[in-house]
Amino acid sequence: MTRDELRRSLEFYQDLGIRTLYRRETRVAPAPVARPAKEEPPPTMIELPPLTPLDDTMEAIRADIGDCKRCRLCEGRNKIVFGSGNERAPLVFVGEGPGADEDASGLPFVGRAGQLLTQMIEGTAAKEGIGIKRPDVYICNVVKCRPPENRTPQPDEMEVCGQFLFRQLQAIKPKAICALGSTAAKAVLGTKDGVTKLRGNWWKWRDIPVMVTYHPSYLLRPYNQNAKREAWEDLKKVLHFVYD
Ligand code: SF4
């Protein structure tokens, strides 16, 4: 890789918010004759993930993920949860990561939180006279493998797996993104602010408007009635923006 190519690659990954890259030490086979005492040490090669082609596709992203072992979350997973729904959807929901049901099925948001998300999407759409069902939108997560004990993904895991999320968003080019919960907001907006501060307003990922709202698993807790009402308001805003 030339210096220029390396610079362009690094800039590209910086744009994506990726600050950690894998390095692989490349050992040079020993020369048959003794080296001069002042010879430079063998070069260090930087191995970059492939650049996102302009015409990136979901098939290409799936193929690149393959049997991914790029972060420690591969160790406990059963299935990689890539995403589901309409791959040309004008609306993409981004959650945090797969739970037990998702890890077993390979599909996002199929457990209790997923059922609530389906109800929220379909119930709000029906009430507002918008003719969509869950399969009309696209749903995915920041990390594609289940974190142990459902813990929050760690920053390095989000950074490594986030490249696939960004490629998915780039390939779909939705009219709007809805980030569910703080982890999704952090990954998409690169912010440290929490949902309470961010929700209800429009933000941007590149040129795409982003609405942040509560994660459905938070809404399942009985004492979060106010948050439930707010999440419905946020969703109403998103659906009207995208489908009116
Ligand atoms: S979480 Fe993402 S980066 Fe980590 S192993 Fe799974 S697919 Fe690969």
Side-chain angles (χ1 to χ4, degrees), residues 9-10 12-25 45-53 56-85 87 89 92-111 113-114 117 138-172 174 177-192 205-206 208 210 215-218:
S9 297
L10 291 172
F12 173 81
Y13 285 102
Q14 206 168 28
D15 280 353
L16 291 184
I18 296 171
R19 288 176 294 283
T20 308
L21 295 167
Y22 292 113
R23 288 166 52 130
R24 185 176 59 186
E25 299 290 330
M45 301 288 288
I46 296 177
E47 190 186 10
L48 296 171
L51 278 177
T52 303
D56 205 7
T57 62
M58 298 295 260
E59 292 71 33
I61 303 165
R62 258 182 217 277
D64 282 349
I65 291 183
D67 184 27
C68 186
K69 293 190 168 54
R70 291 172 178 86
C71 83
R72 64 182 82 78
L73 294 183
C74 69
E75 289 160 18
R77 72 154 184 250
N78 284 305
K79 288 193 175 162
I80 291 177
V81 180
F82 182 76
S84 75
E87 297 189 350
V92 175
F93 287 86
V94 179
E96 179 175 306
D101 295 316
E102 291 76 14
D103 176 62
S105 66
L107 293 167
F109 283 94
V110 289
L117 180 63
Y138 193 77
I139 301 177
C140 57
N141 285 306
V142 175
V143 293
K144 313 289 184 222
C145 302
R146 182 189 182 199
E149 317 291 329
N150 292 340
R151 66 155 167 79
T152 307
Q154 292 176 2
D156 59 331
E157 296 157 356
M158 286 167 62
E159 220 168 83
V160 176
C161 206
Q163 66 176 302
F164 298 120
L165 169 66
F166 294 147
R167 286 180 61 187
Q168 285 174 302
L169 295 176
Q170 260 183 193
I172 298 173
I177 297 164
C178 185
L180 302 166
S182 293
T183 303
K186 216 174 269 177
V188 174
L189 301 175
T191 175
K192 286 192 174 142
W205 178 77
R206 308 211 169 161
I208 303 177
V210 178
H215 192 284
S217 59
Y218 177 77

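Whatever order the structure lists ligands and atoms in, that order sets their numbers, starting from 1. Residue numbers count from 1 along this sequence.
- Pairing each heavy atom of Leu117 with each of Pro216, the nearest pair is CB-CG, 4.0 Å.
- Here the CZ-CG distance, from Arg72 to Asp156, works out to 4.0 Å after rounding to the nearest 0.5 Å.
- Contact of the Gln170 side chain with the Arg206 side chain is registered, since non-hydrogen atoms from C-beta on lie closer than 4.5 Å.
- The distance from ligand 1 to the heavy atoms of Arg77 drops below 4.0 Å at these ligand atoms: 5 (S), 6 (Fe).
- Ligand 1 lies out of reach of Arg72, whose nearest heavy atom is not under 4.0 Å from it.
- Considering all non-hydrogen atoms of both residues, Asn141 and Pro108 come closest at ND2-CB, 4.0 Å.
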Side-chain donor-acceptor pairs of residues 179-191 under 3.5 Å, sequence neighbours excluded:
unit_1	atom_1	unit_2	atom_2	d
Thr183	OG1	Glu96	OE1	2.9
Thr191	OG1	Asp193	N	2.9

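- Nearest heavy-atom pair, Tyr138 versus Gln168, reported as atom, atom and distance to 0.1 Å: OH-NE2, 3.5 Å.
- Excluding waters, the count of protein N/O/S atoms less than 2.8 Å from atom 2 (Fe) of ligand 1 comes to 1.
- The only member of Val81, Ile139, Asp101 that meets side chain to side chain contact (heavy atoms under 4.5 Å, CB included) when paired with Val110 is Asp101.
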